[in-house]
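Input: a single structure, listed below in structure tokens.
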Amino acid sequence: MSEFLGKDRRTHYCGDLRECNIGERVCVMGWVKKARDLGGLVFVDLRDRSGIVQLAFDENTEKAVFEKALLLKTEFVVAAKGVVRERSSKNPDIPTGNIEIFADEVKILGESETPPFDIIDDCKTNEELRLTHRYLDLRRPVLQNNIIFRAKVAKSIRDYLCDKGFIEIETPILIKSTPEGARDYLVPSRVHKGSFYALPQSPQLYKQLSMVAGFDKYFQIARCFRDEDLRADRQPEFTQIDMEMSFVDTDDVLVLVEGLINHVFKDCMDVDIPTPLPRYTYRECMERFGSDKPDLRFGMEIINLNDALKGCGFPVFASAIEAGGSVRAINLKGYGDKLSRKDIDKLGEYAKGCGAKGLAWVKRGETDSGSFLKHMTEDELAAIYAAADCTVGDVLLILADSDNNRVLTQLGQLRVEAANRLGVERNGFNFLWVVEMPFFEFDYESGEWVAMHHPFTSPMDECVEYLDSDKGKVRAKAYDLVLNGIELSSGSIRITDPKLQAKIFELLGLSKEEAQVKFGYLLEAFRYGAPPHGGMGIGLDRLVMQMLGVSSLRDVVAFPKMQNAKELMTDCPAEVPAEAVAELGISFVKPEKSE
Ligand code: ASP
């Protein structure tokens with residue numbers, strides 16, 4: 001190989017050759033996508049990361065070279081030299097389709113067995129087989145381009161943040177646990193038997209301590225690890241654009257991130273994201289969309305029917321309102337024709353699956369039909385229609401509950417489900433900020449108040465007084481960035497007052513001693529001059545996924561894990577020799593049958 005490559009290095013990537021190269025002698029290297037032997041003619045499609053170019057061999061090709069061409073098979077690695085010429089039959093489907101290389105030297109650099117699946121974009125082979133041979137899967141242009149695009153996004157982020165004076169700091173991977181609400185991956189220490197490191201759920205405390213250290217602006221494209229029971233489309237390790245800034249308030253962070261988003265979309269996709277991005281309070285999001293991550297690419301906002309229905313004759317509605325709850329609706333405006341009675345019943349079943357007691361509905365037409373009309377007076381119906389702007393052709397879906405949040409959340413889910421079922425068009429990139437998040441949320445399972453973001457988040461100044469008396473009322477200086485119904489990132493202004501931080505730990509159920517053991521170093525650091533600071537973490541994987549419009553995280557992660565947290569190519573996690581475990585000073589109960 002070195003002889004061939006020695007004097008003549010590769011001159012071009014396959015996909016870069018164009019008509020302007022006609023007459024040039026070039027050298028390309030890549031994988032055989034397809035070799036066609038048409039008798040006296042051989043055509044080889046050679047592929048590298050840039051695309052495909054055709055190599056041609058014909059009756060004018062030297063015999064030895066022609067014979068070599070006949071040996072070329074799919075996925076062989078080949079170097080070829082020759083002169084670029086115009087193609088006699090052009091291929092408008094590929095960028096190099098007007099030219100070909102009339103090859104006069106060929107070298108096989110690596111042979112290939114028949115691959116277990118076709119290396120084509122539209123590969124129908126099951127994902128498990130593809131992931132087992134991920135290096136082949138990644139040769140598929142669609143996937144390769146996704147990974148290359150991801151690298152472009154990461155570079156664009158770095159460029160922007162470095163330009164803004166951010167300093168990239170690597171924080172450790174073997175750490176003392178940082179809580180972000182998930183389970184830690186633990187790493188046993190061999191030297192300190194019985195002790196464990198945790199893999200970071202985020203670099204949260206290190207970035208805060210970097211602010212105490214005076215770095216002023218920190219960022220890192222950081223790997224984070226969360227040992228969660230894997231729900232659909234999560235990865236146990238993921239990448240976060242992690243940032244922190246000193247001497248800032250919420251506005252400063254939001255404006256900086258808006259600039260970042262705007263820059264990255266322009267730089268990588270030539271898409272303009274207008275800024276400032278809209279800001280909604282958490283409460284407003286819940287009231288209007290029934291979600292703290294609303295998809296704003298379509299309307300169907302939630303309508304409160306309480307005023308229209310107060311004292312109405314239908315007990316389901318009246319009792320919900322009387323109990324302090326509400327009756328709320330979404331109007332599927334103009335979709336009457338598209339929704340059969342059966343479709344509405346299916347939506348009813350869906351609503352029940354979300355915990356709703358039942359779905360009330362009305363479809364307006366020449367004559368109105370609905371589930372509750374006979375319980376209503378003309379006036380009451382007219383009041384509902386007016387409140388919901390419900391006219392002929394519309395379908396109104398209504399839920400009632402004695403608990404406001406419940407009815408809102410259920411309608412929020414129904415709103416998205418209805419849009420999915422109706423195929424409502426959702427285009428573009430619709431960002432929003434959700435601000436003034438609640439500080440605490442009540443965990444029904446444990447019966448305790450837990451931090452909605454993380455315990456280092458500052459409560460809003462005007463809410464501090466409710467910390468003891470009314471936790472549900474405490475809002476935080478926390479903000480989420482949402483894109484097309486997906487939470488892309490969250491962040492907050494942090495607590496820097498050691499007394500307040502200690503109080504929050506206490507309110508979250510940590511005794512003084514526990515807080516000292518777990519976070520004593522943070523409380524101590526705050527005693528030595530902590531600047532006000534705040535930041536956020538943006539999910540890089542999800543951002544890239546949205547930019548590319550793909551539906552699986554595995555399409556934007558080079559070597560992903562399956563939903564059961566396994567990596568199929570290397571077959572990990574894997575057992576290790578008993579001595580290795582013994583050396584760590586730990587023992588474990590071997591499951592009877594490991595999954
Ligand atoms: N550490 C947070 C997270 O991982 C982000 C932040 O508050 O900066 O969600």
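Counting starts at 1 for both ligands and their atoms, in listed order. Quantities reported herein were computed from a predicted structural model and do not represent experimental measurements.
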As a test of understanding, state which of Lys217, Met211, Gln208 forms a side-chain contact (heavy atoms from CB on, under 4.5 Å) with Ser246. Met211
Taking the inter-plane angle between the rings of His263 and Tyr160 on a 0 to 90° scale, is it parallel (under 30°), tilted (30 to 60°) or perpendicular (over 60°)? tilted
Using 30° and 60° as the class limits, which term best fits the ring planes of Tyr135 and His133: parallel, tilted or perpendicular? perpendicular
SB check Lys152 Asp267 (cutoff 4.0 Å): no
Every residue of the protein that comes under 4.0 Å of ligand 1, judged on heavy atoms: Glu180, Ser202, Gln204, Lys207, Arg226, Gln240, His453, His454, Ser490, Gly491, Arg494, Gly535, Met536, Gly537
What about Tyr466 and Phe439, are their ring centers closer than 6.0 Å? no
Centres of the Phe442 and Phe440 rings: under 6.0 Å? no
